[in-house]
Amino acid sequence: MRVSRLMLVTLRDDPAEAEIVSHKLLLRAGYIRRIASGIYAYLPLLWRVLRKVSAIVREELDATGALETLLPQLQPADLWERSGRWAGYTAGEGIMFHLEDRQGRELGLGPTHEEVITALAAELLRSYRQLPVNLYQIQTKFRDEIRPRFGLMRGREFIMKDAYSFHASEACLKDTYAVMDQAYRRIFNRCGLRTVAVEADSGAIGGSASQEFMVTAEAGEDLILTSPDGRYAANQERAVSLAPEPVALADQPCHDLSTPGQTTIEQLCSGHGFDPSQIVKVLLLLARFADGADQPLIVSLRGDQQLNEVKLANAVQARLGAERGSLLELAPITADQLERQGLEPLPFGSLGPDLSDALLSGARDWTPRFLRLADGTAASLERFVCGANRLDTHRVGARWDPSNPCPESLDLRAAQPGDRCHHDPSQHLEAARGIEVGHIFQLGRKYSEALEARFTTESGADEALWMGCYGIGVSRLAQAAVEQNHDRNGICWPVSIAPFEVIVVVASSQDSQQVELAERLYGELQQAGLEVLLDDRNERAGVKFKDADLIGIPWRVVVGRGATDGQVELVERAGGSKRDLSADELLAALLPQIQAGRQGLNNPAQS
RNA sequence: CGGGAUGUGGCGCAGCUUGGUAGCGCACUUCGUUCGGGACGAAGGGGCCGCAGGUUCGAAUCCUGUCAUCCCGACCA
């Protein structure tokens, strides 16, 4: 391809719309243009990158025996109602774009494809003899994100590879899950990404085990916690750890303490010399469910600990989801809401875990009983300080006893960097930021049961299929690669996903010898099967060098002064090493490098 | 959805306080000189100043509304 024909438009200044380096570079180098918030045009250069990433994904998945398919993006609402996800995905903070057709039937624009694929499996998979199967597709997904961000990192329309496997047994599912784990590691490695695999929350997709693949980068949206020995790594949403030991509270009879205006843990501690770990704080939240009745919650946490809302949402869903439908939202209860329910104001700032259910009687739309949960750190305190449920009053020396029973205890706290690890308390968790580029799940039978995807076993029984699902954010991966592979001059694509492998730059388009030699080399390299750009523009050499660096072509051949003697310069983009060599030796020098790069063989190993 | 900021040629910005009919750099076109790290000179083309109302003799500028974009948050009482 000739640069003069490439519609290459590069920018000298950083566009105002971009915040992080990969987003700026993709815009400046002419890879993407924003059409609307979270909606981008993939320009020809980026499309080549995306096709390369897709090709690697295809090769690795095909090698595992997975089958490529293509499923509809327009999906009928009733399919989602059968799985119980329509309300959760469309109401509240739901992320599914949805619309009505001319008959008034509701449709959603696919944010993911469990429903469609499971319905298909229900029709097509009748016998254990057909199992296991693993189907995948690479296509555009639509998600009405709360806040689209950072270019392709979090778009409302993006390219995803999603795969779904079906099994006759859980053991078989685990086998495929392990195979996909390995395939994913190869895919990311071949794409030149340094990734770390972490334990993850399975979120709205559901299911049991799940693992995320994180590209480590400062701009990452996720916090990941790892142990120094590398044996533990988890997304903070999911991470578990040992909390610090609490400071013991002196043995004393339970008594009230006047705490005027002291509504925060900090004020309480500085006012009376308590340690935050001696306090039980009480959070009042409201869980909105699909069935319309809102459920008030009382969550007790040790004062020095933070709530992990994902863990709480999972716990609430597990306890009430069966009868109440999907959990739509979890938010703190406000004084306004109490008033609208016709309830008396509560003494916020002095709440205790034994806050009476009687306070909810007469609520208009709320379940008139609290769901009470406690984090293990609060539940295990012998004596503690807590609110007395009267304004400006706390209780000191409170205990869990029949008059103040300890709620159901579970892990609800957010693990923090510096916490001790479960597997080895001498290890302390370290924090890093990550961009989630892949996620694999063992779904179990959640969807197959909801959508009645059943098969006949060897013994003739009728059972629901076991399922797994596996995603890769293809367009996000491309940007993550830039985030990890760039320098001050621009992008440094790994050869395996670069839009072109080599660029031939004519230093002076006025010099007919240079032009002639460059044209010859352009032809030869193409003949040898390389993906070559020829910068034939009538620009000064400096402009061409700057652009070549910016768009990040891994190898550059400069045809310049030495052309008279048949000499050219070969430059590696990453690292910038240069060597002069004869034009006749060029192909022999370049070909092995690029062939190795294509396979990702030069890429460093990953954890 | 809450908070903050910004909308002026393709891109980056100034002008707005103190109203008088739009400017700079880059990019683009032509010509000349240059030609190995974003050249120089000359001459050009391109703007409903986000949109809609209002105030005024007169609005990019003041007022009201609205739309869009970006950032932070969605959280401990």
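Numbers restart at 1 for each chain; the letters A, B, ... are given by sequence-line order, proteins then strands.
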Next on the checklist: Would you say the ring centers of A/Trp47 and A/Tyr31 fall short of 6.0 Å from each other?
Outcome noted: no
Item to check | Gap in Å between the two C1' atoms, one belonging to B/rA22 and one to B/rG15, rounded | outcome: 8 Å
Checklist entry - Which residue lies toward the 5' end of RNA chain B, A/Asn308 or A/Asp14, if each is placed at its nearest nucleotide? => result A/Asp14
Item to check | Donor-acceptor side-chain pairing of A/Glu483 and A/His486 below 3.5 angstrom | outcome: no
Next on the checklist: Categorize A/Pro332 for me: base, sugar-phosphate, or nothing, with a 4.0 angstrom heavy-atom threshold over every strand shown.
Outcome noted: base
Checklist entry - Between A/Asp222 and A/Arg433, does at least one N-O distance fall below 4.0 Å, as a salt bridge requires? => result no
Checklist entry - Side chains of A/Gln479 and A/Ser22: do they bring a donor and an acceptor to under 3.5 Å? => result yes
Checklist outcome for this item: Across every strand shown, the nucleotide meeting Watson-Crick or G-U wobble geometry with B/rC49 (both distances under 3.5 Å) is none
Checklist entry - What's the CD-C1' distance between A/Glu145 and B/rG73, to the nearest Å? => result 16 Å
Restricting to nitrogen or oxygen on both sides, can you table the protein-nucleotides 66-70 of chain B pairs closer than 3.5 Å?
residue: B/rU69; atom: OP1; partner: A/Ser37; partner atom: N; Å: 3.0
residue: B/rC70; atom: OP2; partner: A/Ser37; partner atom: OG; Å: 2.8

Checklist entry - What does B/rC16 pair with, Watson-Crick or G-U, if both distances are under 3.5 Å? => result none
Item to check | Nucleotide opposite B/rC28 in a Watson-Crick or G-U pair, distances under 3.5 Å | outcome: B/rG44
Checklist entry - With no hydrogens and no angle check, do the side chains of A/Thr259 and A/Asp392 hold a donor and an acceptor under 3.5 Å apart? => result no
Checklist entry - Rounded to whole angstrom units, what separation is found between the CD atom of A/Glu237 and the P atom of B/rA74? => result 12 Å
Checklist entry - Quantified in whole Å, what is the P atom distance between nucleotide B/rA42 and nucleotide B/rG53? => result 43 Å
Checklist entry - Taking NZ from A/Lys546 and C1' from B/rA39, how many angstroms apart are they, rounded to a whole number? => result 14 Å
Item to check | Whether A/Gln278 side chain and A/Asp275 backbone form a donor-acceptor pair below 3.5 Å | outcome: yes
Item to check | P gap between B/rG3 and B/rA59, integer Å | outcome: 33 Å
Next on the checklist: For A/His272 and A/Gln262: C-alpha separation, side-chain torsions, deciding distance, then whether side chain to side chain donor-acceptor pair (under 3.5 Å) applies.
Outcome noted: CA-CA 10 Å; A/His272 303 276; A/Gln262 297 166 358; 2.7 Å; yes
Checklist outcome for this item: The Watson-Crick or G-U wobble partner of B/rG7, with both key distances under 3.5 Å, is B/rC67
Checklist entry - What integer distance in Å separates A/Gln262:CD from B/rC76:P? => result 19 Å
Next on the checklist: I need the CZ-C1' distance between A/Arg488 and B/rG37, as an integer number of Å.
Outcome noted: 11 Å
Item to check | Output field: ring centroids A/Phe384/A/Trp400 closer than 6.0 Å | outcome: yes
Next on the checklist: For a quick check of understanding: with a heavy-atom distance under 4.0 Å over all strands, which category does A/Leu301 fall into, base, sugar-phosphate or nothing?
Outcome noted: base
Checklist entry - Between B/rG10, B/rC76, B/rA74, which one does the side chain of A/Leu307 approach most closely? => result B/rC76
Checklist entry - Reading nucleotides 23-36 of chain B 5' to 3', which nucleotides get B (base under 4.0 Å from a protein heavy atom), which S (sugar-phosphate only), which -? => result --BSS------BBB
Item to check | C1' atoms of B/rC11 and B/rU30, separation to the nearest Å | outcome: 23 Å
Checklist entry - A/Asp549 near the nucleic acid: base, sugar-phosphate alone, or nothing, with a heavy-atom cut-off under 4.0 Å? => result base
Next on the checklist: Quiz question: going by heavy-atom distance under 3.5 Å, is there a donor-acceptor pair between the base of B/rG38 and the side chain of A/Asp547?
Outcome noted: yes
Next on the checklist: In this structure, how many angstroms lie between the C1' atom of B/rC11 and the CG atom of A/Leu550, rounded?
Outcome noted: 13 Å
Next on the checklist: Applying the Watson-Crick and G-U wobble criteria at under 3.5 Å, what pairs with B/rG73? Answer none if nothing qualifies.
Outcome noted: B/rC1
Checklist entry - Hey, does A/Leu285 reach any base, or is it just sugar-phosphate, or nothing, if we go heavy atoms under 4.0 Å? => result nothing
Next on the checklist: Considering every strand and a 4.0 Å limit on heavy-atom distances, what is the contact class for A/Leu330: base, sugar-phosphate, or nothing?
Outcome noted: sugar-phosphate
Item to check | For the student: nearest non-hydrogen atoms of A/Arg573 and A/Ile553, plus distance | outcome: CB-O, 3.2 Å
Checklist entry - In Watson-Crick or G-U wobble terms, both distances under 3.5 Å, what is the partner of B/rA22? => result none
Checklist entry - Could you give the CD-to-C1' distance, from A/Gln337 to B/rG2, as a whole number of Å? => result 14 Å
Checklist entry - Partner of B/rU55 by Watson-Crick or G-U wobble geometry, both contacts under 3.5 Å, or none? => result none
Item to check | Qualifying residues under salt bridge (Lys or Arg N to Asp or Glu O under 4.0 Å), relative to A/Glu17, sequence neighbours excluded | outcome: A/Arg34
Next on the checklist: Rounding to an integer number of angstrom, what distance separates B/rC67 and B/rG23 when you compare their P atoms?
Outcome noted: 33 Å
Checklist entry - How about A/Ser509 and A/Lys544: does a side-chain donor come under 3.5 Å of a side-chain acceptor? => result yes
Checklist entry - Between A/Pro15 and A/Ile265, who's closer to the 5' end of RNA chain B by nearest nucleotide? => result A/Pro15
Next on the checklist: When the C1' atoms of B/rA39 and B/rC26 are compared, how many Å lie between them, rounded to an integer?
Outcome noted: 14 Å
Checklist entry - With rounding to whole Å, what would you report as the distance between B/rG7 and B/rG45 at their P atoms? => result 28 Å
Checklist outcome for this item: A/Lys544 atom NZ is separated from B/rA39 atom P, nearest whole Å, by 13 Å
Checklist entry - Does the side chain to side chain donor-acceptor pair (under 3.5 Å) test come out yes or no for A/Glu212 and A/Asn235, once each step is laid out? => result CA-CA 8 Å; A/Glu212 288 168 337; A/Asn235 192 312; 2.8 Å; yes
Checklist outcome for this item: If pairing means Watson-Crick or G-U wobble with both distances under 3.5 Å, then the partner of B/rC35 is none
Checklist entry - For atom P, what is the distance between B/rU61 and B/rU56, given to the nearest Å? => result 16 Å
